[in-house]
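Here's the structure we're looking at; comments come further down.
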2 protein chains.
Amino acid sequence: MRVRLEDVARATGVSPKTVSRVLNEESSVKESTRQRVLAAMESMNYRPSPAARGLAGSRSFLVAMLYDNNNNPASTYLAEIQDGVLDACDAHRYSMMVSPVRMRDKDFTRRVDALVSDHHVDGVVLTPPLTDSAPLLQRLKEHGVPHASISPVQHKGTIGVCMDEQQAARALVEHLVALGHRRIAHIVGIADHGASRWRLAGYKDALAGAGIPLDPDYVVQGEFTFGSGVIAARQLFALPALPTAIFAANDDMAAGVMWAANERGLKVPRDLSVCGFDDTPMAVQLWPPLTTVRQPSREMGKLAALQLMDLLRGRGPGLLVQVPYELMQRESTAAAP
Amino acid sequence: MRVRLEDVARATGVSPKTVSRVLNEESSVKESTRQRVLAAMESMNYRPSPAARGLAGSRSFLVAMLYDNNNNPASTYLAEIQDGVLDACDAHRYSMMVSPVRMRDKDFTRRVDALVSDHHVDGVVLTPPLTDSAPLLQRLKEHGVPHASISPVQHKGTIGVCMDEQQAARALVEHLVALGHRRIAHIVGIADHGASRWRLAGYKDALAGAGIPLDPDYVVQGEFTFGSGVIAARQLFALPALPTAIFAANDDMAAGVMWAANERGLKVPRDLSVCGFDDTPMAVQLWPPLTTVRQPSREMGKLAALQLMDLLRGRGPGLLVQVPYELMQRESTAAAP
DNA sequence: CCGCAAATTGACAGCGCTGTCATTTCTGTC
DNA sequence: GACAGAAATGACAGCGCTGTCAATTTGCGG
């Protein structure tokens, strides 16, 4: 029926344990035997049973991707990350489970317990804002389960992937300054997200660099959602001196700004320049297409998962790798009126 | 260390096999024993090992959700379905794996083989357009793995969930007719998707019902993507007699139409009414907000998975349940000019 | 050619559960 | 109250793999 380890062993003339060693890439196997075993596995189309490996061994070859299910961040972002993690899993014969958690719930770490004690996941990939949830990190540590983070706030001692968002935001705002804008507003994201802080910091850096004083009225709070972008924009439009450019901390809010601009009869970019952050698919679907910063989400998911697996497989220590950003100049920004 | 079945058995004073029976909801256990065992499980916080169950038994308590990774349909749609399937899994203590497949690849059914022979998935949830891929269905049948489909073309003998898309499309177009439109165009989706056929059929029904002759020039081919919507719209705008309304087979293409309308200087809905299908989050983020048909994706994912699990657990035969649609009238449609 | 440490390999038990089949305990019946 | 048949329970092996530790082979200096 099913080809088992034992069958491969018999075909090769070695013990099952040796085949097991080859399967697990242990070093203490003579190269010649290794080749023979590998050849037999290949020709017999051997596929190890994850259940048996999980039951007998200490590893499950399972990683879980956790995400906050409350609403944020945008589902396209998560979907891309998920695909990236799956890419990495394919490459190293790991399987992936996805697990939404509701951070608002008091005992949301229960989910982690289930994942760890039921499925014995070997590691976990964390997406924002889970990356910096103290109770979650604590629980993972208690379980002894390593994790990789995507865009974590805390860089020290963390493995995963990040981007220099502050620098990216700065570059974006400098682009606005170069277009002659002086009254530049910023819509901040959810407070405890690293992304919000970095993007705000980059905004401030750019203003300071250009010698533009920071006007508190021009910095309004949003929540990363389209609707919050609309509200924030209306707030800005109510100011005595309207900004000539608005930098929203993500594309969703930027879309909201453009919506509110339409509502108000402002023409983008003639009357108002708008830019966002993330370069979600929506960015090019807006009219006019949105100037934003491209974040390679799928790549980031893949890299984070690869770092995690390197760690799990004892290949290297696991790093926090940095990916480059890219400024996407489109038609939503133009010279100041 | 870990609480095992045996521990529960000892605590209750029964054999491990009896505890196993309770765990698996077998009927041949006296109610009183069942209660005692259940109580012990609860108080000892017993959690069965999926690996051991999978290895020893014939069931894995795993379902897989398959989707086409080429690009379609929109990731937000899939994400919602995924959340729905996860809801159902939570309810019945199943686990879920997600598996993107590339239908274009010649041997994309390999993925299924891996899922089935490696992980022994008990069942599979199919999303469009996988629901009607003959090679895939064939492979599943060979493996003896049941599946539930979301919006399958072939209703007969299929379990899962569907919506009366034809009727919904008809209602949508009738809405346009009621607004006085006579020159109504339709942008068709990818040819072999059921959604494309139904929506086209509903469009034709409505026209016929209103006594409007079908003009082949007004039916153009799209691919469900934003870009294809733009192209299709340009094509329609090149016609001698411009349509006064365009019904795109999904929201993405409708967004493309609105983009092209902007490009062409047409004002929606004054010069042109536009409507889509699906009610993705984007629909309310467009300017003006898009008239469309709401499809309860998450609910559909959940229902399909529940039907599958009912079947797997021997509870009922597994049905094809129908969910209601809802017409979302927004500002992108108005009286004909 | 021998002895010893290092490199390879193997024997065996057991991970936590369920399938099979045997056994015990109830039912209701006359 | 004895008995057939149904209901409930248990004994035991084994799912396919890996951890532990022992056995064997190899390489090398003398």
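Lettering follows sequence order; numbering is per chain, from 1. These numbers were taken from a predicted model, which means no experiment stands behind them.
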Item to check | OP1 or OP2 of C/dG10 under 4.0 Å from side-chain N/O of A/S15 | outcome: yes
Next on the checklist: Please compare B/Y46 and B/K30 by the position of their nearest nucleotide in DNA chain C and report the one closer to 5'.
Outcome noted: B/Y46
Item to check | Atom pair distance, as rounded to whole Å: CD in B/E26 and C1' in C/dG19 | outcome: 10 Å
Checklist entry - If only side-chain N and O atoms of B/T18 are considered, is one of them under 4.0 Å from the OP1 or OP2 phosphate oxygen of D/dA8? => result no
Checklist outcome for this item: Closest of D/dT20, C/dT9, C/dC17 to the A/K17 side chain is D/dT20
Checklist entry - How close or far is atom P of D/dC15 from atom CG of B/L5, stated in whole angstroms? => result 19 Å
Next on the checklist: Closer than 4.0 angstrom, basic N to acidic O: yes or no for A/R59 and A/D122?
Outcome noted: no
Next on the checklist: Just so I know, are the side chains of B/H147 and B/V125 near enough to count as touching, which here means a heavy-atom distance under 4.5 Å?
Outcome noted: no
Checklist entry - B/E25 CD to C/dC17 P: how many Å, rounded? => result 16 Å
Next on the checklist: Counting only heavy atoms not in A/R110 (residues, nucleotides, ligands), do more than 12 fall under 6.0 Å from its CZ?
Outcome noted: no
Checklist entry - Between C/dT18 atom P and B/N24 atom CG, what is the distance in whole Å? => result 5 Å
Checklist entry - To the nearest Å, how far apart are B/E6 CD and D/dC12 C1'? => result 13 Å
Checklist entry - Taking 4.0 angstrom as the limit, do B/R298 and B/D87 come out as a salt bridge? => result yes
Checklist entry - Once you round it to whole Å, what is the distance between C1' of D/dT25 and CD of A/E31? => result 18 Å
Checklist outcome for this item: Between B/R21 and B/L55, the residue closer to the 5' end of DNA chain D by nearest nucleotide is B/R21
Item to check | Phosphate contact (C/dC17 OP1 or OP2) by B/S20 side-chain N/O below 4.0 Å | outcome: no
Next on the checklist: When you measure from the side-chain N and O atoms of A/S58 to the phosphate of D/dT18, is any distance below 4.0 Å, counting only OP1 and OP2?
Outcome noted: no
Checklist entry - Does B/S28 make a side-chain N or O approach to OP1 or OP2 of D/dA7 shorter than 4.0 Å? => result no
Checklist entry - How many Å lie between CZ on B/R53 and C1' on D/dG14, as a whole number? => result 18 Å
Next on the checklist: Side chain of B/T33, heavy atoms from C-beta onward: which of C/dG16, D/dA8, D/dC17 has the nearest atom to it?
Outcome noted: D/dA8
Checklist outcome for this item: A/D7 atom CG is separated from D/dG16 atom P, nearest whole Å, by 9 Å
Checklist entry - How far does CZ of B/R34 sit from CD of B/E25, to the nearest 0.5 angstrom? => result 7.5 Å
Next on the checklist: Looking only at the side chain of B/A56 (C-beta and beyond, no hydrogens), which of the listed nucleotides C/dG14, D/dG10, D/dC15 gets closest?
Outcome noted: D/dC15
Item to check | Most 5' of A/S27 and B/V19 on DNA chain C, judged by nearest nucleotide | outcome: A/S27
